[in-house]
Amino acid sequence: MDDSGDFTGPARAHAAILLLSVLVVATCGLIYELLAGTLASYLLGDSVTQFSTVIGSYLFAMGVGSFLSRYVRRDEIGVFIRVEIMIAAIGGWSAAGLFLAFPLSADFRVLLYAIVLVIGALVGLEIPLLIRILRSRFAFRDLVSNVLTYDYVGALIASLAFPLLLVPQLGMIRTGLVFGLANVAVAVALLFVLRGTRRVGVDMSAALMVAISLIAGLFMAERIQRFSEIAYYGEGVIHARSTPYQRIVLTRRGEDLRLYLNGNLQFSSRDEYRYHEALVWPVLGRVANPARVLILGGGDGLAAREVLRDGRVRSIHLVDLDPEMTRMFRETPQLAALNRGSLLNPRLSVENADAFRWVRAARGTYDAILIDFPDPTEYSLGKLYTVSFYAQVARLLAPDGVMVVQSTSPLVAPRSFWTVAQTLEAAGLQTRGYHTYVPSFGEWGFTLAARTPPTGPAHLPAGLRYLNAVSEPLMFDFPPDMARRPTPVNRLDNQALVRSFAEEWSHYEG
């Protein structure tokens, strides 16, 4: 092989290995991009913004890398091999490093985008170098066709495997490490082929050292994830699972169990009864005969637990996106004890589906509807707070039925809270907001909605731990700092709620 990178050995075998390298590096490059975008979405929220900025930065860095490739004038194959080793080390450890850095770093975004830019620049070097290495093996037309074909096929493999196989089965840390090993494998394969034509000892040693570190990382991946989550939550992590939809983490401190979805607290077992009594009984207490109840969200079964206390309820249909959530709260003894086995009750049926799609196809009506989704931290959740969604839900509400929506904190995010009411009213419903204090969350808000104003006292059962005939009416009183104010309607094409929610909570958390 001469200094330009042209092969003088068995050219066909070399070319085949290099074309296979195109497939591998294209797959790995997109995986690292998807890892950065997904991880940023999990940790920072607002998936549209995170993916947009990560992808834009990554593509820009790839352009920079392609530009810099012109300055590689000698030993192109050697430079390519070293680039593969560097990508393996940085890209392979990127997810693990970012998870570890998040609870410890005050400038996480700086680190995130620094890693994205470095990996992007290195990936941008790969294809130009490969084209120049292969130029003596193919006519230009065939060269470009072959390289682009393998590049696009690799992109397809990555885009399908990442959400359907890699994240659910391996998790993000192991996914990064596995594809780091794929980059190392490319480097090692080329070094093995070239061993008779050049000195490969230093590069081979570097490649093997990186490979050993990545393999060690695979064995330590669970510990790394747990360490980062313990540092972030400040509590013992007793269960953690990445699903195609979210990161589920369950923690324990003494007798207190806490559920987090994508880092956001969903409940604390010490005071969740306050939240769920406030969610359920102002609705059921204002419906004369709540025989059929629909719960959208609430895969933990805690809202269902409260509904099942009402003997008038004949059937509950619960729709929750993530089957892992409902499985966990149905089969794990300590969680099933918390919801009193509600997900196994014969009066309840569970359907794992996207609520936005489900309500469009659903038929029939329900006497009470409980909407208990996570806060609108990103656009995929914000669509569940839009006028389009509420109009479809209203279609399922019986003429004298009542529904409720958890509506975030009217103290921390008053504009966001009242946007929910404004949007429900735009869907043709009458609303009435209320709030209560939940120690784990602070002041928290809900919105009743019905075709006629949902007024009058609620008929509450005996034995509730929090609500009674005196405390329930007080929830509907709003002091000036939480009083209603002008807000826009949240629509699919503006997602005003996601933006206001992020802005208001950033002031509070900052």
Side-chain angles (χ1 to χ4, degrees), residues 275-298 303-304 306-307 309-310 312-319 355-356 358-360 362-373 376 384-408 410 416-436 444-461 464 467 469 471-478 482-484 487 489-491 497:
Y275 175 94
H276 290 100
E277 287 185 12
L279 174 74
V280 171
W281 290 106
V283 176
L284 295 187
R286 288 177 170 81
V287 177
N289 183 27
R292 300 186 73 229
V293 176
L294 173 64
I295 302 176
L296 299 176
E306 291 299 319
V307 175
R309 296 177 62 165
D310 194 328
R312 300 172 299 168
V313 175
R314 294 201 305 268
S315 67
I316 306 169
H317 194 69
L318 188 150
V319 180
F356 192 85
W358 186 88
V359 298
R360 297 184 67 180
R363 296 292 181 267
T365 59
Y366 295 87
D367 305 300
I369 299 177
L370 313 175
I371 301 180
D372 190 21
F373 295 132
L384 300 172
Y385 292 80
T386 59
V387 65
S388 302
F389 180 73
Y390 290 148
Q392 293 296 331
V393 176
R395 182 176 55 82
L396 303 178
L397 190 64
D400 56 351
V402 182
M403 61 184 278
V404 66
V405 180
Q406 90 78 12
S407 307
T408 197
S416 300
F417 176 83
W418 292 111
T419 294
V420 174
Q422 188 74 23
T423 305
L424 285 163
E425 290 166 4
L429 298 169
Q430 302 290 318
T431 68
R432 192 179 178 199
Y434 63 99
H435 62 97
T436 193
W444 210 256
F446 308 85
T447 307
L448 288 179
R451 289 190 171 82
T452 57
T455 57
H459 300 283
L460 304 177
L464 296 182
L467 291 185
S471 63
E472 199 270 348
L474 297 177
M475 296 194 299
F476 293 88
D477 180 53
F478 284 85
M482 295 191 291
R484 185 157 189 171
T487 58
V489 173
N490 189 45
R491 304 181 187 278
L497 179 59

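Quick caveat: nothing in here was measured; it's all calculated off a predicted structure. Numbers for residues simply follow the sequence, beginning at 1.
Listed here is the closest heavy atom pair of L460 and A469: CD1-N, 4.1 Å. The heavy-atom pair separating W444 from Q406 by the smallest distance is NE1-OE1, 2.9 Å. Closest heavy-atom contact between R491 and T386: C-CG2, 3.8 Å. Counting all heavy atoms, side chain and backbone alike, L284 lies closest to P290 at CD2-CB, 3.8 Å. When every heavy atom of A449 is checked against every heavy atom of L397, the shortest pair comes out as O-CD2, 4.3 Å. When all heavy atoms of G433 and F417 are compared, the pair lying nearest together is CA-CZ, 4.2 Å.
Remark: R395 engages no residue in a salt bridge (charged side-chain N to carboxylate O under 4.0 Å, His left out) (not counting sequence neighbours). Every residue meeting the side-chain contact (heavy atoms from CB on, under 4.5 Å) condition with T455, not counting sequence neighbours, appears here in chain and number order: R432, P453. Residues passing the salt bridge (charged side-chain N to carboxylate O under 4.0 Å, His left out) test with R484, sequence neighbours excluded: E425. With sequence neighbours left out, R312 forms a salt bridge (charged side-chain N to carboxylate O under 4.0 Å, His left out) with D310. Residues satisfying the ring-ring contact (aromatic ring centres under 6.0 Å, His included) criterion with H276, sequence neighbours excluded, are absent altogether. Remark: Y434 pairs with F446, F476 by the ring-ring contact (aromatic ring centres under 6.0 Å, His included) rule, at least two apart or across chains. Under the rule for a side-chain contact (heavy atoms from CB on, under 4.5 Å), the partners of A394 that lie at least two apart in sequence or sit in another chain are L429. By the side-chain contact (heavy atoms from CB on, under 4.5 Å) test, A426 pairs with V387, V489, sequence neighbours left out. Residues that satisfy the salt bridge (charged side-chain N to carboxylate O under 4.0 Å, His left out) test with R286, not counting sequence neighbours, are E472. By the side-chain hydrogen bond (donor to acceptor under 3.5 Å, both in side chains) test, W281 is found to be paired with E306, residues two or more places apart in sequence or in another chain being considered. S471 pairs by the side-chain contact (heavy atoms from CB on, under 4.5 Å) definition with L467, N468, not counting sequence neighbours.
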Worksheet entry | side-chain contact (heavy atoms from CB on, under 4.5 Å) assessment of L448 paired with V402 | CA-CA 7 Å; L448 288 179; V402 182; 4.1 Å; yes
Worksheet item: Does the side-chain contact (heavy atoms from CB on, under 4.5 Å) test come out yes or no for V307 and L370, once each step is laid out?
Response: CA-CA 10 Å; V307 175; L370 313 175; 3.5 Å; yes
Worksheet item: Do F356 and Q392 pass the side-chain contact (heavy atoms from CB on, under 4.5 Å) test, and can you show the C-alpha distance, the side-chain angles, and the key distance before you say yes or no?
Response: CA-CA 9 Å; F356 192 85; Q392 293 296 331; over 6 Å; no
Practice prompt. Mind running side-chain contact (heavy atoms from CB on, under 4.5 Å) on V393 and V405 for me, showing each step along the way?
Written response: CA-CA 11 Å; V393 176; V405 180; over 6 Å; no
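Using a distance-only test at 3.5 Å, with no hydrogens or angles considered, a donor-acceptor pair links the side chain of H435 to the main chain of D477. Between the W418 side chain and the P410 main chain, no donor and acceptor come within less than 3.5 Å of each other. Checking side-chain atoms of R363 against main-chain N and O of L396 turns up no donor-acceptor pair under 3.5 Å.
S407 and T447 form a side-chain donor-acceptor contact under 3.5 Å, judged by distance and modelled atom types alone. When only modelled atom types and interatomic distance are considered, Y275 and D372 share a side-chain donor-acceptor pair under 3.5 Å.
Looking at L294 and R292, their side chains never come closer than 4.5 Å, going by heavy atoms from C-beta outward. Residues V319 and I295 form no side-chain contact, since every pair of their non-hydrogen atoms from C-beta on lies 4.5 Å or further apart. Side-chain contact check for L497 versus V420: some heavy-atom pair is nearer than 4.5 Å. The shortest distance between side-chain heavy atoms of I369 and V283 does not fall below 4.5 Å. By the 4.5 Å heavy-atom criterion applied to side chains, Y385 and T423 are not counted as neighbours.
Between the CG atom of L424 and the CD1 atom of I371 there is a distance of 7.0 Å, given to the nearest 0.5 Å. The CG atom of D367 sits 6.5 Å away from the CG atom of D400 when rounded to the nearest 0.5 Å.
Sorted by first and then second residue, the salt bridge (Lys or Arg N to Asp or Glu O under 4.0 Å) pairs involving residues 276-285 (not counting sequence neighbours) form an empty list.
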